[in-house]
Amino acid sequence: MNEPFFRPRQIELALEPPFTLGRIRVSPAALELRWDEGSEALEPRVMQVLVALHRHAPESVSRDDLSQLCWGGRIVGDDALNRAISRLRKALAPEPGAIVDTIPKVGYRLRLDPARTEAKVPAKSKSGRMSRGALWAGLIPAAAIVAAATLLLGREDPAWTAETMQPLPRGAAVETSPALSPDGRFLVYASAPEPGAPRDLYMRGLATGDNAALRLTSTGEDESSPAWSPDGLQLAFIRQVPGRPCQIVVAAVPRGTERIAGHCRSGDSTLSWLDDGNIIFSDQPDPAAARRLFSLSVANGAVRPLTNPPDGLNGDGKPRVSPDGRRIAFRRSASLGNDDIFILDVASGEEWPLTSGGWKAYGFTWAADSRTLFFTSNRKGDFGLWSIPVRKGAEPARISLGLLPFGDIATDRQDRLAAELSTTRANLFAFDETGKGAALSPATGVEWDPDLTRDGRLVYASNASGTNEIWMKPAGAPPVRLTTFGGSYVFSPRWSPDGRRIAFVGVKGGRTDIYEMTADGSRLRAMTGDGAAKLSISWAANGELLYSVKAKADWAVVQLTAGGPKLLPGSRGISILRKSSDGRLFGRRAVGGDVLEFDRNRFAALPVPLQVSDAEGWAAGTRGIYWTQDAGTTRASLRLTDWSGVSRRLFSLSPAPKTGLAIGVDGKIVAPRLASHEHGLALLTLRQK
């Protein structure tokens with residue numbers, strides 16, 4: 001990491017949040033100190049010195065840094081600084097525990113000594129009992145507290161709105177993972193020049209309106225998930241090194257070298273600080289097990305598990321600790337496209353669902369008062385911004401922003417919110433093996449999971465209508481929407497062998513099931529009712545459905561017979577099914593990526609062992625396995641590994657999302673191609689209505 005992170009800028013008092021020093025409440029923007037018995041106004045320069053010392057407490061601040069922070073870097077004499085320190089000490093006299101020390105030849109430091117904090121004891125009468133005046137003085141605050149609590153419990157949940165929104169100038173094609181410092185002065189984010197390229201961390205100063213970005217990392221490895229410690233002095237992030245466990249890196253702010261505090265197995269882990277010494281992260285140490293939340297000690301690297309999701313789920317991720325440190329919000333994913341937000345009580349270990357319905361929950365963050373959670377979800381089709389009170393039985397409310405595609409989000413102590421704004425378009429193309437292609441549909445949304453009949457009819461999933469639905473394109477005719485499913489997600493649509501029926505996986509009401517309909521979209525019905533995680537569909541030659549289902553901690557393939565579901569022999573661990581254009585059935589193991597062929601009522605290894613690198617970007621043809629290399633990046637290409645094990649590159653498929661392939665009987669290759677991808681950041685100011 002490059003150091004220093006940034007050169008200290010002059011303190012802007014209007015942007016500084018209030019804070020406390022023992023019994024003194026400090027309001028920098030108002031130039032005021034207030035305590036029970038009175039208040040005092042400070043000169044702007046003296047208040048700047050107090051803020052600077054408080055930021056770094058209990059560490060010392062050099063005279064040079066105080067000059068930079070409080071006088072804008074101008075050279076000031078010792079008399080000016082000594083005079084400001086003297087006036088500050090006098091102003092802090094009502095709180096004896098607040099001490100400004102002089103560090104010889106260095107500078108000054110602010111520290112709190114609880115032993116010197118004088119407790120205010122009410123006056124007593126000679127009999128030793130509290131006087132009537134003191135009694136009323138004690139009862140009035142108590143009554144006020146009771147009244148405030150009654151009002152708090154009885155009032156309606158606050159409604160939130162976005163007061164302002166300011167898109168930030170983009171410095172690169174992809175900017176993700178926003179993290180606001182607790183005081184809102186700085187924004188750290190991950191940035192890459194193109195989709196799929198390794199990201200570096202950058203920082204912008206927000207207090208002065210200066211949007212110039214400072215590069216923090218330049219290792220060539222992918223770095224993401226920055227997270228500020230509660231005191232704003234440390235930054236943690238994930239570094240993904242190919243072929244190795246990902247690193248959890250911690251660096252001091254504003255100046256400091258980095259160090260590796262721990263490791264994780266899953267590169268898409270995310271971080272949140274529980275306190276100044278412990279980091280919460282999500283990980284999947286065992287590839288066959290569900291993701292869990294863990295706590296990492298920054299001091300000694302000790303790791304302990306925090307959650308234990310039930311068998312059969314994808315698991316827990318995206319931890320976000322509340323500002324008061326009492327609760328952790330996290331996403332529990334039952335299956336692909338089936339998420340709910342859960343709350344974990346730090347003290348008791350109790351966990352409970354905050355949302356229901358299984359809608360996708362991409363990003364979420366806490367309001368400053370720890371009573372409300374903001375989150376992004378497709379509950380109304382698009383990925384909009386929502387709020388929900390953090391209590392059992394609460395209902396979410398849409399924040400009035402219109403149809404904006406929000407991704408990951410973060411907040412500061414003033415309820416300012418930084419958000420990813422992402423717009424992606426990917427449509428289907430038909431290619432020959434030379435790479436010559438033609439668009440099959442307009443680029444009005446994102447399309448995925450294509451499948452072809454022998455006569456060239458195409459079925460696929462798309463969000464072009466605003467919600468995730470199944471579409472069909474007859475040969476030589478425009479696409480038509482077949483469903484108004486209205487659920488969280490649909491995927492893996494597949495034609496029956498006779499081309500008269502379509503089956504697909506649908507997520508609705510927090511349940512994942514198999515649905516079937518006729519080729520024109522009529523007679524839609526659910527074929528399963530267990531709601532368990534399912535990932536892929538195919539058809540047996542006799543017209544019965546095959547699908548992969550997660551049974552406890554492992555995947556397996558089930559055939560839906562007239563007598564009920566039947567486990568296929570040798571299918572343990574297989575999560576993806578693909579049928580070749582000549583009717584052969586193949587499966588891919590979830591762990592390892594081995595491709596097996598279903599033959600004589602069992603899955604068996606191919607004569608030449610074959611592994612594919614991506615669970616979605618592959619399909620079986622008569623000549624071999626087609627698969628995308630570097631899927632999801634601008635370097636993507638289509639490759640063919642034939643049945644003898646020889647692999648060759650066919651053509652560039654750049655840019656290509658990780659959303660599936662289909663191979664026709666005529667050798668035509670259908671694949672999605674990225675038409676546009678805009679991924680930037682914006683700042684929003686939220687307020688209660």
Side-chain angles (χ1 to χ4, degrees), residues 286-289 312 336 449 451-452 454 491-492 494-498 503 505 514 527-528 532-629 631 638-648 660-665 667 669:
D286 182 351
L336 180 64
D449 285 355
D451 192 41
L452 286 163
R454 297 185 67 84
F491 56 97
S492 193
R494 297 292 180 261
W495 290 103
S496 62
D498 59 9
V505 185
I514 308 296
M527 301 300 293
T528 65
K534 302 171 184 68
L535 199 56
S536 189
I537 295 178
S538 190
W539 294 80
N542 63 0
E544 292 179 333
L545 278 168
L546 304 169
Y547 60 92
S548 60
V549 62
K550 200 168 191 180
K552 294 190 175 181
D554 205 358
W555 290 96
V557 178
V558 169
Q559 186 165 354
L560 197 58
T561 69
K566 177 185 176 183
L567 182 68
L568 291 188
S571 69
R572 289 289 182 186
I574 292 177
S575 60
I576 301 294
L577 298 173
R578 293 286 186 265
K579 182 174 284 188
S580 66
S581 51
D582 59 1
R584 299 161 67 190
L585 180 65
F586 298 85
R588 177 190 183 274
R589 291 196 185 277
V591 179
D594 298 292
V595 177
L596 309 178
E597 183 175 6
F598 187 67
D599 183 38
R600 297 178 183 178
N601 204 34
R602 67 186 183 90
F603 280 93
L606 300 176
V608 177
L610 175 65
Q611 294 180 329
V612 291
S613 60
D614 187 84
E616 291 293 302
W618 70 281
T622 57
R623 299 174 56 192
I625 299 294
Y626 296 79
W627 54 282
T628 51
Q629 186 176 41
L638 185 69
R639 302 186 68 89
L640 170 63
T641 301
D642 63 28
W643 301 124
S644 68
V646 176
S647 179
R648 63 186 178 94
L661 302 169
I663 311 298
V665 293
I669 302 161

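Values reported hereafter were calculated over all heavy atoms of this structure, with side chains retained and with hydrogens, waters and symmetry mates removed.
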Take L585 and F603 through the side chain to side chain contact (heavy atoms under 4.5 Å, CB included) test and state the conclusion after the steps.
CA-CA 9 Å; L585 180 65; F603 280 93; 4.2 Å; yes
Run the side chain to side chain contact (heavy atoms under 4.5 Å, CB included) test on L661 and L638 for me, step by step, so that the C-alpha distance in whole Å, both residues' side-chain angles and the decisive distance to 0.1 Å come before the verdict.
CA-CA 10 Å; L661 302 169; L638 185 69; 3.8 Å; yes
Run the side chain to side chain contact (heavy atoms under 4.5 Å, CB included) check on L546 and W539 step by step: do they pass?
CA-CA 5 Å; L546 304 169; W539 294 80; over 6 Å; no
Walk me through whether I514 and L560 qualify under side chain to side chain contact (heavy atoms under 4.5 Å, CB included).
CA-CA 10 Å; I514 308 296; L560 197 58; 5.9 Å; no
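Looking at heavy atoms from C-beta onward, Q559 lies in side-chain contact with N542 at the 4.5 angstrom threshold. Within the 4.5 Å cutoff, the side chain of F598 has no heavy atoms near those of the S571 side chain.
Of all non-hydrogen atoms in S548 and S575, the two that sit nearest each other are OG-O, 2.7 Å. Across every non-hydrogen atom of L452 and W495, the tightest pair is C-CD1, 3.7 Å. Between G587 and W618, the shortest heavy-atom contact is C-CH2, 4.4 Å. Across R572 and A556, no two heavy atoms sit closer than the pair NH1-CB, 4.1 Å. Closest approach of L567 to V557, counting heavy atoms only: CD1-O, 3.5 Å. Considering all non-hydrogen atoms of both residues, S581 and T622 come closest at OG-CG2, 3.4 Å.
Applying the side-chain contact (heavy atoms from CB on, under 4.5 Å) test to S492 and every residue at least two apart in sequence or in another chain returns D449, R494, V505, S536, I537. Evaluation of the side-chain hydrogen bond (donor to acceptor under 3.5 Å, both in side chains) rule for D642 yields S644 as partners, not counting sequence neighbours. Residues satisfying the side-chain contact (heavy atoms from CB on, under 4.5 Å) test with V608, not counting sequence neighbours, are none. By the ring pair (Phe, Tyr, Trp, His ring centres under 6.0 Å) test, Y547 is found to be paired with no residue, residues two or more places apart in sequence or in another chain being considered. For the salt bridge (Lys or Arg N to Asp or Glu O under 4.0 Å) test, residues two or more places apart in sequence or in another chain that qualify with K534 are D513, D530. R623 is linked by a salt bridge (Lys or Arg N to Asp or Glu O under 4.0 Å) to E433, counting only residues two or more places apart in sequence or in another chain. Scanning for side-chain hydrogen bond (donor to acceptor under 3.5 Å, both in side chains) contacts around D498 gives S496, with sequence neighbours left out. When the salt bridge (Lys or Arg N to Asp or Glu O under 4.0 Å) test is applied to R584, the partners found at least two apart in sequence or on another chain are E597. Residues meeting the side-chain contact (heavy atoms from CB on, under 4.5 Å) test with R602, sequence neighbours left out: P569, A604. In terms of the ring pair (Phe, Tyr, Trp, His ring centres under 6.0 Å) criterion, Y626 has no residue partners (sequence neighbours excluded). D594 meets the side-chain contact (heavy atoms from CB on, under 4.5 Å) test with R589, Q611; sequence neighbours excluded.
A distance of 11.5 Å separates CG in L336 from NZ in K550, rounded to the nearest 0.5 Å. To the nearest 0.5 Å, atoms CZ (R454) and CG (D582) are separated by 8.5 Å. Rounded to the nearest 0.5 Å, atoms CG (D599) and CG (L606) are 10.5 Å apart. The distance from the CD1 atom of I574 to the CG atom of D554 is 10.0 Å, given to the nearest 0.5 Å.
Applying the ring pair (Phe, Tyr, Trp, His ring centres under 6.0 Å) test to pairs two or more places apart or on separate chains, those with a residue in residues 556-594 are F586-W643.
Listed for the S538 side chain is no donor-acceptor partner under 3.5 Å among the backbone atoms of L577.
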